[in-house]
Amino acid sequence: MAAPKRGRSASAQSKPGRTLALILIAIVALTGGMFLSGHTTPRLGIDLAGGTSITLEAKADQGAAINKANMDTAVDIMNRRVNGLGVSEAEVQTQGDRNIIVNIPKGTNSKEARDQVGTTAKLYFRPVLAQEATGGAAATSPSPSASGSSTASPSPSASKSGSTGEKATSSSSPSASATSQGRAVTDALKADSTPSASAKASSSASPSASASTAPSAADAKLQAQYTALDCSKKAQRNKAGDGAKPGETTVGCGESSGVWYKYLLGPAAVDGTEVKKAQAVFDTQTAAGWQVTMAFNGKGAKKFADITGQLAKNTQPQNEFGIVLDGEVVSSPYVSSSITGGSAQISGSFTQDEAQNLANMLSYGALPLSFQEQSVTTVTAALGGDQLHAGLLAGAIGLLLVVIYLVAYYRGLSLVAMASLLVSGMLTYVLMALLGPAIGFALNLPAVCGAIVAIGITADSFIVYFERIRDEIREGRSLRPAVERAWPRARRTILVSDFVSFLAAAVLFIVTVGKVQGFAFTLGLTTVLDVVVVFFFTKPLMTLLARRKFFASGSKWSGLDPKSLGAKPPLRRTRRPAPAHTKEA
């Protein structure tokens, strides 16, 4: 059985060129794929390319517990919000038990992204009880309209996403601002105090409605708050509706065309969590331009049909529902009939960006927790470039020191080590460039540190193999058998060492968050590549060089001189002569 085994081993050893050709073909194929994809450089992280990093802390002030499920849900919603802006390279991830880190790369409107991500309050649909322009401005244009998905908007409107729209105050549709303010508000509050809070008969909002019933203390306080509210002042806007619960009447502010409006809003009729999907669409059939379509879940569809049916009976502005996000009325479309079927359209003179922003707020506005912005760190591209330069300089210095050591100690063998390091570096670079668009890998400073550490790990594998070969030569063997006998022992040591490094990188990647994961991922990737390079490049190359006279003869400059290694001549042969008599053997 021994003879065939030796034959297979000799056959494998005689064709190291095939193995070298295989890895070279793989390098060429990966490099070609990199150029064909158009991503010829690794994607850089915020700390190298520049960008904005936002830290948000969860607050337990909305009745929801701060737990892993709610935090993961918030991360998913924030990630979809940012992606809704077209920022596919943003990173949203938890840090610890209460914090969420949002990293937004350069080239993005960071202010808009902060507004989208940092808008962390609940989203509600509230009926409008009264509204009025503040700051001395008059409302002259109609509100946006909401219609069922199967019908077109009955009339044009001029609202903007993220704003309330301009309000109609025609004589045929009296509003709170067209009458005595105190009386209109009192009538609205009286209508709101009925068992069906959102059902308001149109007569309850008319100027001639009776006000003989004295308002309660709570209504009087809310009326005074609404009367005194001036939404043109930022300090008052920020405090409007603070502490209001979903089931309570409250006040709010909204902007349209540079004019701020104040609102008296009824209890929430539909929760933002009941909006299943919203998107901005362009209507090419009716020339209505950009619209926002909404789809509700089963529970939300019933609630929305009920509230729109009740609002349709009222006169303006009490036929409007306010879309309230973070205490601000982002839109207040009116309805003319009950909207059934679980879907609706909001039409107005939207631009594409305005429609997309409103759709994002409707789709991703309802977070399970509220968040407070803790810190915002902005890294300029210039600072990131300096950090990248420093990291590359540190890597070059480390690589130079390794090369100097290899040349001084291993002499000719250092050529094998440097060629292997070059192949490992090429594979690492190409894979990093390809993994950027494939899985979103971004090269940050910790990742650069991981690549620098990998230089030492890769060099360590070469040293283990070289020392095993030297040990075989010290025992009196020539180079060719020494290379083959040293490989099984060195291979075992290399695999164990790389497995420990990969295990450490995997554990670090799993239990950490943020930039440390970049270090762990790079360390794990380069460890795997070290095994590939040693098996498919270093070992076959050593087999080929062992046949060259410079190395096989034990030249003084080869690093394998038997005399300098302490071997005692004459050298023993690994292949012993066959015995003279077979029977005796």
Undergrad: With the side chain counted from C-beta on, respond yes when Val464 and Ser497 share a heavy-atom pair under 4.5 Å apart, and no when they do not.
TA: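 A side-chain contact under 4.5 Å is absent here.
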Undergrad: Could you check whether any side-chain heavy atom of Leu421 comes within less than 4.5 Å of a side-chain heavy atom of Phe462, counting everything from C-beta outward?
TA: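 A side-chain contact under 4.5 Å exists here.
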Undergrad: Give the intermediate values and the outcome of side chain to side chain contact (heavy atoms under 4.5 Å, CB included) for residues Thr41 and Tyr429.
TA: CA-CA 8 Å; Thr41 57; Tyr429 181 87; 3.6 Å; yes
Undergrad: Between Tyr409 and Glu467, what is the shortest heavy-atom contact and its length?
TA: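 Looks like CE2-OE2, 3.5 Å.
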Undergrad: Could you give the distance from CD (Gln279) to OG1 (Thr293), rounded to the nearest 0.5 Å?
TA: 4.0 Å
Undergrad: Sub-3.5 Å donor-acceptor pair from the side chain of Tyr465 to the main-chain atoms of Val483, do we have one?
TA: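 Here the side-chain-to-backbone pair exists.
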Undergrad: Which one of Thr538, Thr493, Asp530 satisfies the side chain to side chain donor-acceptor pair (under 3.5 Å) criterion with Ser461?
TA: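 The passing option is Asp530.
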Undergrad: Compare all side-chain heavy atoms of Met432 with those of His39 and state whether any distance is below 4.5 angstrom.
TA: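 Met432 does not reach His39 side chain to side chain.
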Undergrad: Any side-chain to backbone donor/acceptor pair from Ser37 onto Met34? Under 3.5 Å, distance only.
TA: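 The answer is yes, because a donor-acceptor pair under 3.5 Å joins these two groups.
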Undergrad: Under the ring pair (Phe, Tyr, Trp, His ring centres under 6.0 Å) definition, can you give me all pairs with a residue in residues 528-553, not counting sequence neighbours?
TA: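 Listed once each, the pairs are Trp487-Phe535.
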Undergrad: Give the intermediate values and the outcome of side chain to side chain contact (heavy atoms under 4.5 Å, CB included) for residues Phe521 and Leu435.
TA: CA-CA 11 Å; Phe521 182 85; Leu435 290 176; 3.8 Å; yes
Undergrad: Hey, which of Ile54, Thr55, Leu56 is the one that makes side-chain contact (heavy atoms from CB on, under 4.5 Å) with Gln374?
TA: Thr55
Undergrad: With side chains defined as the heavy atoms from C-beta onward, is the minimum distance between Lys299 and Asp271 less than 4.5 Å?
TA: no
Undergrad: For a 4.5 angstrom cut-off between non-hydrogen side-chain atoms, does Leu413 reach Ile469?
TA: no
Undergrad: Can you tell me how far CG of Leu20 sits from CD1 of Ile25, rounded to the nearest 0.5 angstrom?
TA: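 That separation rounds to 11.0 Å.
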Undergrad: Without swapping roles, check the side chain of Arg480 against the backbone of Ala552 for a donor-acceptor pair under 3.5 Å.
TA: no
Undergrad: Grab the two heavy atoms, one from Ala451 and one from Thr522, that are nearest each other, plus how far apart they are.
TA: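 It is N-CG2, 3.5 Å.
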Undergrad: Mark yes when over 12 heavy atoms from residues, nucleotides or ligands other than Met418 sit less than 6.0 Å from its CE; otherwise mark no.
TA: yes
Undergrad: Taking atom CZ of Phe282 as the centre, does the number of heavy atoms from other residues, nucleotides or ligands within less than 6.0 Å exceed 12?
TA: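 Yes, enclosed.
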Undergrad: Taking all non-hydrogen atoms of both residues into account, name the closest pair between Ala355 and Gln291 and its distance.
TA: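 Closest pair (atom of Ala355, atom of Gln291, distance): CB-O, 4.3 Å.
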Undergrad: Could you tell me which non-hydrogen atom of Ala417 sits nearest to which non-hydrogen atom of Leu406, and how far apart they are?
TA: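 For Ala417 versus Leu406, the nearest heavy atoms are CB-CD1, 3.5 Å.
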Undergrad: Do Leu24 and Val28 come within less than 4.5 Å of each other through their side chains, counting heavy atoms only?
TA: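 No; the side chains remain at least 4.5 Å from each other.
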Undergrad: Closest approach of Ser558 and Arg411, non-hydrogen atoms and distance?
TA: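 In this case the closest contact between Ser558 and Arg411 is C-CB, 4.4 Å.
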Undergrad: Please give me the minimum heavy-atom distance between Thr19 and Pro540, naming the atom from each residue.
TA: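 Shortest heavy-atom contact: CG2-CG, 3.6 Å.
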Undergrad: Quick one: does Met71's side chain get under 4.5 Å of Asp97's, heavy atoms only?
TA: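 Met71 does not reach Asp97 side chain to side chain.
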Undergrad: Can you tell me how far the CD1 atom of Ile463 sits from the OH atom of Tyr410, to the nearest 0.5 Å?
TA: 5.0 Å
Undergrad: Heavy-atom distance under 4.5 Å between the side chains of Leu545 and Val416, does that happen here?
TA: yes
Undergrad: Ignoring hydrogens and angles, tell me if any N or O in the side chain of Ser424 forms a donor-acceptor pair with the backbone of Ser420 under 3.5 Å.
TA: no
Undergrad: Gln517 side chain to Phe509 main-chain N or O, any donor-acceptor pair under 3.5 Å?
TA: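 Present.
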Undergrad: State whether Glu472 and Arg489 are salt-bridged, where the test is any N-O pair (Lys NZ or Arg NE/NH1/NH2 against Asp/Glu carboxylate O) under 4.0 Å.
TA: yes
Undergrad: Does the side chain to side chain contact (heavy atoms under 4.5 Å, CB included) test come out yes or no for Thr526 and Thr458, once each step is laid out?
TA: CA-CA 8 Å; Thr526 51; Thr458 305; 5.7 Å; no
